[in-house]
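Notes for the one structure printed next.
So you know, we letter chains A, B, ... as the sequences are listed, proteins then strands, and number each from 1. Side chains included, hydrogens not; waters and symmetry mates left out as well; all remaining heavy atoms used. Quantities reported herein were computed from a predicted structural model and do not represent experimental measurements.
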2 protein chains.
Amino acid sequence: MSTAEETTGGEVEPWEEVTPDAARRLLVAAVEAFAERGYHATTTRDIAGRAGMSPAALYIHYKTKEELLHRISRIGHDKALGILRTAARREGTAKERLADAVSSFVRWHAGRRTTARVVQYELDALGPDARAEIVALRRQVDAEVRRIIEDGVAAGEFDVLDVRGTTLAVLSLCIDVARWFNVDGPRTPEEVGALYADLVLRMVGAR
Amino acid sequence: MSTAEETTGGEVEPWEEVTPDAARRLLVAAVEAFAERGYHATTTRDIAGRAGMSPAALYIHYKTKEELLHRISRIGHDKALGILRTAARREGTAKERLADAVSSFVRWHAGRRTTARVVQYELDALGPDARAEIVALRRQVDAEVRRIIEDGVAAGEFDVLDVRGTTLAVLSLCIDVARWFNVDGPRTPEEVGALYADLVLRMVGAR
DNA sequence: GCCGACGGTGAGCGGGCGCTTAGCGTGGCC
DNA sequence: GGCCACGCTAAGCGCCCGCTCACCGTCGGC
């Protein structure tokens with residue numbers, strides 16, 4: 001159905017870069033809890049409990065609850081940006097690159113919905129410094145999509161009046177998948193990715 | 001630029017249906033606080049403080065903090081649904097009705113961004129009963145948009161393969177405006193409404 | 001076999017939370 | 001002018017939060 005993204009040989013176990021093992025278990029537990037109830041409604045006792053540890057164990061691996069969110073957000077944004085870059089910078093026409101970028105970006109937001117939810121919707125819970133770091137990553141995401149659209153317009157493939165506005169709308173559409181996508185629902189991440197790639201090509205007036 | 005929505009003579013003061021005055025001041029304060037920091041991160045002391053009252057005053061007018069959120073969510077959804085209905089049920093082609101519906105719905109999400117944010121993103125903080133009530137309203141919102149698209153397809157105005165999926169995407173696009181729209185940013189609600197109406201017409205392949 | 005390093009626990013701290021209650025000022029009605 | 005009803009406040013209750021600290025079991029190195 002499409003090509004780019006985590007093709008290192010099937011499904012990559014996420015968070016494998018987080019060591020030691022106990023720190024990863026805590027982080028995975030935090031992702032689930034934050035996604036389900038939101039950062040502020042999640043207690044450190046809940047996170048530790050999900051990881052099968054006492055509340056105090058959390059503070060051996062992380063200074064604060066906010067540091068957990070920061071790490072999740074940072075790693076998640078890196079991953080999302082990487083997926084988008086792989087698709088955006090492959091060879092092919094702007095149309096092919098945009099379709100690939102959108103479908104793989106959407107597949108990630110649907111398939112890794114819990115992570116995406118935390119990454120996209122808990123930004124305001126971070127302190128000023130951490131937030132600034134994440135906002136910079138988001139600007140890179142925006143620039144990546146904008147470049148494909150600009151390329152398409154320059155090549156006469158796309159018909160777009162407001163490039164910045166359209167870029168914003170395309171990203172907004174993809175990101176919001178993390179809000180409504182339901183794992184038990186009727187659509188697979190692949191189906192949503194394909195549908196959205198088509199819709200976005202229409203939005204940019206692809207020939 | 002468009003016609004439907006709160007055209008009772010300029011800007012309608014929102015929440016005017018909430019009485020007495022003190023209850024309305026508390027509710028407006030709660031909307032601002034919930035929009036800024038989220039429901040769980042907002043304290044009853046903060047809400048009362050913004051309304052110029054003591055913390056205890058809140059409980060004269062509302063049984064709990066959650067009742068405040070419920071009232072805000074209910075009134076906000078009613079308003080959003082009303083705006084959409086007005087546009088959807090006017091006379092005209094499906095193309096005109098869809099453009100009007102999207103632009104007015106988007107203008108509301110941008111112009112009343114604080115309210116829209118609470119309404120769209122704090123659903124999970126409600127208890128089961130209140131959530132069920134709101135979810136029912138959302139289904140009506142979905143049905144309203146889907147009907148326009150179905151009409152357009154039946155009339156040969158639109159070219160849509162997956163009506164449900166496209167409806168979902170259109171609403172998702174509009175709703176997410178409440179997440180990113182910035183009052184101090186470069187775009188007015190009217191501009192975003194016009195841009196989005198155009199993008200949505202492209203998505204449905206309007207002739 | 002002892003010993004230090006390290007990852008973990010149980011108990012609990014200071015504080016802020018949602019919410020309650022006793023009482024007070026004021027304005028309308030006779 | 002007296003009195004009651006109502007809207008509001010000051011104070012605080014009980015609870016649970018994020019986080020800390022004193023202590024402990026295990027395991028590799030000599």
Item to check | B:His109 and B:Gln120: side chain donor to acceptor below 3.5 Å | outcome: yes

Checklist entry - Can you tell me if A:Gln140 and A:His77 form a side-chain donor-acceptor pair at under 3.5 Å? => result no

Checklist entry - Rounded to whole angstroms, how far apart are NE2 on B:His61 and C1' on D:dC6? => result 10 Å

Checklist entry - For the pair made of CG in B:Leu26 and C1' in C:dG18, what is the distance, rounded to whole Å? => result 15 Å

Checklist entry - Does B:Arg45 get its side chain close enough to the base of C:dG18, under 3.5 Å, for a donor-acceptor pair? => result yes

Item to check | Touch class at under 4.0 angstrom, heavy-atom based, for B:Ser54 against every strand present | outcome: base

Next on the checklist: Taking CZ in A:Arg89 as the centre, count heavy atoms belonging to other residues, nucleotides or ligands within less than 6.0 Å. Is the count above 12?
Outcome noted: yes

Next on the checklist: Does a side-chain N or O of A:Tyr59 approach OP1 or OP2 of D:dC19 to a distance below 4.0 Å, or not?
Outcome noted: yes

Checklist entry - Separation of B:Tyr62 atom OH from C:dG18 atom C1', in whole Å? => result 17 Å

Item to check | Polar side chain donor-acceptor pair, B:His40 to B:Glu122, under 3.5 angstrom | outcome: no

Checklist outcome for this item: Separation of D:dC17 atom C1' from A:Glu66 atom CD, nearest Å, is 16 Å

Checklist entry - Over how many whole Å does the gap from B:Ile60 atom CD1 to D:dA10 atom C1' extend? => result 13 Å

Checklist entry - Which pair of heavy atoms, one from B:Ala125 and one from B:Glu66, lies closest together, and at what distance? => result O-CG, 4.2 Å

Next on the checklist: Tell me the interatomic distance from A:Glu67, atom CD, to D:dG18, atom C1', rounded to whole angstroms.
Outcome noted: 14 Å

Checklist outcome for this item: Here the distance between atom P of C:dG16 and atom NE2 of A:His40, to the nearest Å, is 16 Å

Next on the checklist: Nearest to the B:Thr43 side chain among D:dC19, C:dG18, D:dC21, which nucleotide is it?
Outcome noted: C:dG18

Checklist entry - Considering only C:dT20, C:dT9, D:dG18, which nucleotide approaches the side chain of A:Ala57 most closely? => result C:dT9

Item to check | Whole-Å gap separating P (C:dG16) and CG (B:Asp46) | outcome: 14 Å

Next on the checklist: Let's see if you can work this out: which of C:dG10, C:dT21, C:dC19 has an atom nearest to the side-chain heavy atoms of A:Ala56?
Outcome noted: C:dG10

Item to check | Selection from D:dC19, D:dT9, D:dC21 that lies nearest to any side-chain heavy atom of A:Lys65 | outcome: D:dC19

Checklist entry - Of the candidate nucleotides D:dC8, D:dC19, D:dT20, which contains the atom at the shortest distance from the side chain of B:Ala22? => result D:dC8

Item to check | Given DNA chain C, 5'-ward residue of the pair B:Leu58 and A:Met53, judged by closest heavy atom | outcome: A:Met53

